[in-house]
Amino acid sequence: MSAGLLIATTAEFEHAVSRPGLVLADFVGPNCTICRNIAPMLASLARSREGRLDLIEVDAASLDDLAERFTIRSLPTLILFSGGEAIARRTGFATATELGRWVDENAAAPQS
Amino acid sequence: MSSDPHPFIELTPPDAATGALKSLYDDLERVRGLGRVSNLFKAYGKFPELAQANFTRLNILLTKGQLTVKLKEAVMVALAEINHCEYCVAFHATAMRNGGANTDEISAARGFDASGLDLSEKERALFEFALKANGDPHAIVRADVEAVKALGASDADLVEVLETVNTGNSFNLFAGALNVGADNFLQYSLEDARFLDGDAA
């Protein structure tokens, strides 16, 4: 079950991450158990930050150009974008609380 | 989740139960109250000895441990939400209310938000630990365990909360795979996130 807007093309991805505000890209794969397990946590995170954080889901196997560009080596990989720029990334499972803390810390941090 | 309104196996009603199955149903009613033989245990009842062992195990988990029922039912509510088991959410929301929780706390458990649970700091940390273990048990590192212990959790507390995860998941699996359906004695509305018979704990 997808936690966010499922991205079908690279152009869709570019459009999604370039919007103002925070966008969290969830790179997943079809046989990734942890990707399925983290989906409800991400959905809860998105609900609690509605209007402040958009969640998108990228199938790293289908969109291999994006996987290559962002050096996706394990799944799930989460990349946080702000104003089109990748500002943080993490891999593996995290609870909704941990994800919220991670997003807030990185959103508040000054970007170089 | 199936759209089929009927269970995939026959669920024997209490008035038709005999032998070991009747003994199981009698035990369920003695502990939970008259008429409260859940559909889950009607399904388990196809193997009465196993059902009895599982009911005993559940009772030990809920009555013999050191952690509060509210925490353990909050974990089970969260797991039911993760597993998309609506019957299980309604069941454990009811049990969580019986453990002293209000509807805001039940919504917090459904949203995996430990900060919304009126529990001790230790139990809120154990709620988080349970979710982490459920999400990826092999990613738990010593520092995760030490962090929970620093808030007062004992080795026994860790075992108890992990067994809560095991129990919740195994019951969710049964309920989903056999499509056992909601019990008619549950009053929690998933859509409205409230109790139809009033919200008082």
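Protein chains get the first letters and strands the later ones, always in sequence-line order, with residue 1 at the start of each.
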Worksheet item: Does CG in D65(A) sit with more than 12 non-hydrogen atoms of other residues, nucleotides or ligands closer than 6.0 Å?
Response: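 More than 12 within 6.0 Å, yes.
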Discussion item. Just checking R142(B): does its CZ atom have more than 12 heavy atoms from other residues, nucleotides or ligands closer to it than 6.0 angstrom?
Written reply: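 No - once you tally the heavy atoms of other residues, nucleotides and ligands closer than 6.0 Å, there are 12 at most.
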Discussion item. If the contact rule is any heavy atom under 4.5 Å from chain B, which residues of residues 13-24 of chain A qualify, in numerical order?
Written reply: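 Interface residues of residues 13-24 of chain A: none, nothing closer than 4.5 Å to chain B.
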Discussion item. Heavy atom to heavy atom, less than 4.5 Å: which residues from residues 89-102 of chain A reach chain B?
Written reply: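 If one takes a 4.5 Å heavy-atom cut-off, the residues of residues 89-102 of chain A near chain B are F93(A), T95(A), A96(A), T97(A), E98(A).
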Item to complete: Using heavy atoms and a sub-4.5 Å threshold, report which of residues 22-61 of chain B line up against chain A, by residue number.
Response: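 Hits under 4.5 Å: none found.
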Worksheet item: How about residues 144-151 of chain B versus chain A: which residues have heavy atoms under 4.5 Å apart?
Response: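 Expected list: none.
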Discussion item. Under a 4.5 Å cutoff for heavy-atom pairs, which residue among L131(B), D113(B), N134(B) has the most contacts with chain A?
Written reply: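 Result: the option with the highest number of such pairs is L131(B).
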Worksheet item: If you take all heavy atoms of F112(B) and P40(A), which pair is closest and at what distance?
Response: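 That would be CE1-O, 3.3 Å.
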Discussion item. Quick check for you: to the nearest 0.5 Å, what is the distance between R47(A) atom CZ and R110(B) atom CZ?
Written reply: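 Those atoms lie 8.5 Å apart.
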Worksheet entry | Side chain, backbone, both or neither of N83(B) within contact of chain A (heavy atoms, under 4.5 Å) |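 Neither part, no heavy atoms under 4.5 Å.
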